[in-house]
Amino acid sequence: AGKDYYNLASYDINSSYPHKASKMKLPYGPPIYEYGEGKSPDMSKFWIAEALVQFKLKDKNKIPCIPSKSIMEGGVIEDKEKDYEKWLHDSGGLVRMKFSSIDYLTFQLSYDFEVVQWMWSVHWAWKVHKEVASFVEKRYNARLKYKALYKEESKKDKPNKLKLIEYKTVDNRNKIDINSFYGKFGEEVVKEGKTPHLEYNEELGEEVVVWRVDREDVATEHNRKYLPVAIAITAWGRRQLVEMGNLLGKYFLYCDTDS
């Protein structure tokens, strides 16, 4: 921050989350077992755990990948209110965290990460899902097809505007499907609904629109999403970024995930 950088290069990972959804192992089904305090998780399964840990960045060229907001309680040196979004270099002592099996491996790429006490862990079976791979690949191939059609049509002396709109629309529809569907797995079971109301504002001397929460929508049992999948897909995406950032070392500047 506060510095000028020159001769920069960028690398765009195309559709990272869809790739992880179709190629990497994802959890499925109900939890298969739960371990209590003092027992290490089963590393052959996907799991989410709570533990007392301490960590320190291995060296200045490693990418910090633990945000201060992930610390539930403990002795982090940084002011968590001020540095809520800050990526931590040091736990500053013993802290309590929740994390997934994928994050656990990612942390170890950048940190000397020690679990002092496992508090609990919940496990799921996991595998690469052929159905998800088919969903992603079908729509990704459709994107390639309609991008090519759009490019071919736009090069004509008199391109058909309706065809251009059609090709662009189908391309965007498939892009939305594969780039955002993972988030549907993480939707809330209970959602609050808002309705606009007209209310008189004394300061303005006129009626204004005010949105008020006036209902709750509870997803039915068969319409509820599956949070472990959303957790796993985003964790795989973070792992890829950390791996690449650590390869670049001191030459790394910035990264994020947006798809």
Side-chain angles (χ1 to χ4, degrees), residues 10-32 41 43-50 63 65-67 69-70 85 87 97-107 109-110 121-147 168-192 217-245 254-259:
S10 63
Y11 184 77
D12 184 12
I13 302 173
N14 188 30
S15 297
S16 173
Y17 286 170
H19 173 267
K20 302 301 174 288
S22 63
K23 303 298 183 183
M24 308 303 286
K25 293 171 72 173
L26 301 176
Y28 64 93
I32 52 177
M43 298 300 171
S44 70
K45 308 299 181 185
F46 176 80
W47 49 261
I48 295 172
E50 181 179 312
I63 305 303
C65 54
I66 299 178
K69 64 183 179 181
S70 70
E85 296 293 341
W87 299 97
M97 290 179 60
K98 290 179 184 175
F99 48 90
S100 74
S101 52
I102 302 166
D103 290 316
Y104 178 60
L105 298 176
T106 302
F107 295 158
L109 298 175
S110 292
S121 57
V122 180
H123 301 72
W124 288 264
W126 63 339
K127 65 180 180 179
V128 176
H129 293 266
K130 294 180 180 179
E131 299 85 357
V132 176
S134 176
F135 174 89
V136 171
E137 290 168 10
K138 179 179 178 180
R139 284 155 181 79
Y140 185 74
N141 289 335
R143 288 203 67 197
L144 297 179
K145 172 185 174 181
Y146 283 93
K147 277 180 178 291
K168 195 68 173 178
T169 300
V170 176
D171 174 26
N172 286 336
R173 176 67 263 174
N174 284 286
K175 178 180 180 180
I176 291 170
D177 282 349
I178 64 173
N179 280 2
S180 63
F181 88 98
Y182 76 92
K184 302 297 288 184
F185 289 100
E187 283 187 340
E188 297 284 351
V189 173
V190 180
K191 292 184 178 180
E192 294 181 338
D217 297 321
V218 181
T220 63
E221 182 178 352
H222 298 291
N223 199 34
R224 294 181 182 181
K225 308 309 185 283
Y226 190 67
L227 186 58
V229 164
I231 292 172
I233 292 173
T234 51
W236 282 125
R238 288 191 298 273
R239 181 174 176 82
Q240 181 179 25
L241 293 180
V242 172
E243 287 176 331
M244 296 189 68
Y254 168 82
C255 70
D256 68 7
T257 56
D258 61 2
S259 66

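All values reported here derive from a predicted model rather than from experimental measurement. We count residues from 1, following the sequence as given.
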- What residues form a side chain to side chain contact (heavy atoms under 4.5 Å, CB included) with Thr169, not counting sequence neighbours? Ile165
- Query: For Pro27 and Val229, which heavy atoms make the closest approach, and how far apart are they?
  - Reply: O-CG2, 3.6 Å
- Please name the pair of heavy atoms, one in Arg143 and one in Ile178, separated by the smallest distance, quoted to 0.1 Å. CD-CD1, 4.3 Å
- Message: Would you compute the distance between atom OG of Ser110 and atom CD of Glu243 and round it to the nearest 0.5 angstrom?
- Response: 10.0 Å
- Row check, Tyr28 ring normal vs Lys127 NZ/CZ: under 6.0 Å, within 45°: yes
- Pairing residues for Tyr140 by the side-chain hydrogen bond (donor to acceptor under 3.5 Å, both in side chains) criterion, not counting sequence neighbours: Asn14
- Message: Counting C-beta onward and ignoring hydrogens, is there a side-chain heavy-atom pair between Gln240 and Ser16 closer than 4.5 Å?
- Response: yes
- Item | Least distance between heavy atoms, Phe181 atom then Ala21 atom | CZ-CB, 3.8 Å
- Item | Rounded distance [0.5 Å steps], CH2 in Trp236 versus OG1 in Thr106 | 7.5 Å
- Item | Aromatic plane relationship, Trp47 with Phe99 - under 30° parallel, 30 to 60° tilted, over 60° perpendicular | perpendicular
- Between CZ on residue Arg139 and OG on residue Ser134, distance to nearest 0.5 Å: 8.0 Å
- Item | With sequence neighbours excluded, residues passing salt bridge (Lys or Arg N to Asp or Glu O under 4.0 Å) with Lys147 | Asp171
- Would you say Met97 and Phe107 make side-chain contact, with heavy atoms under 4.5 Å? yes
- Query: Quick one: are Ile63 and Trp87 in side-chain contact, heavy atoms under 4.5 Å?
  - Reply: no
- Query: Checking side chain to side chain contact (heavy atoms under 4.5 Å, CB included) for the pair Leu105/Met43: CA distance, chi angles, key distance, verdict?
  - Reply: CA-CA 10 Å; Leu105 298 176; Met43 298 300 171; 5.9 Å; no
- How many angstroms lie between atom OH of Tyr146 and atom CG of Asn174, to the nearest 0.5 angstrom? 8.5 Å
- Query: side chain to side chain contact (heavy atoms under 4.5 Å, CB included) with Ser121: which residues, sequence neighbours excluded?
  - Reply: Tyr35, Pro41, Ala49, His123
- Message: Tell me which pairs pass salt bridge (charged side-chain N to carboxylate O under 4.0 Å, His left out) where either residue lies in residues 13-24, with sequence neighbours left out.
- Response: Lys23-Glu137
- Partner set under ring-ring contact (aromatic ring centres under 6.0 Å, His included) for His19, not counting sequence neighbours: none
- Calculate, to the nearest 0.5 Å, the distance between atoms CG and SG belonging to Leu109 and Cys65 respectively. 7.0 Å
- Could you grab the distance from atom NZ of Lys45 to atom CH2 of Trp126, nearest 0.5 Å is fine? 10.5 Å
- Message: What I'd like to find out is whether the side chain of Leu26 reaches to under 4.5 Å of the side chain of Phe46, using heavy atoms alone.
- Response: no
- Message: Would you say that Ile102 contacts Met24 through its side chain, given a criterion of any heavy-atom pair below 4.5 Å between the two side chains?
- Response: no
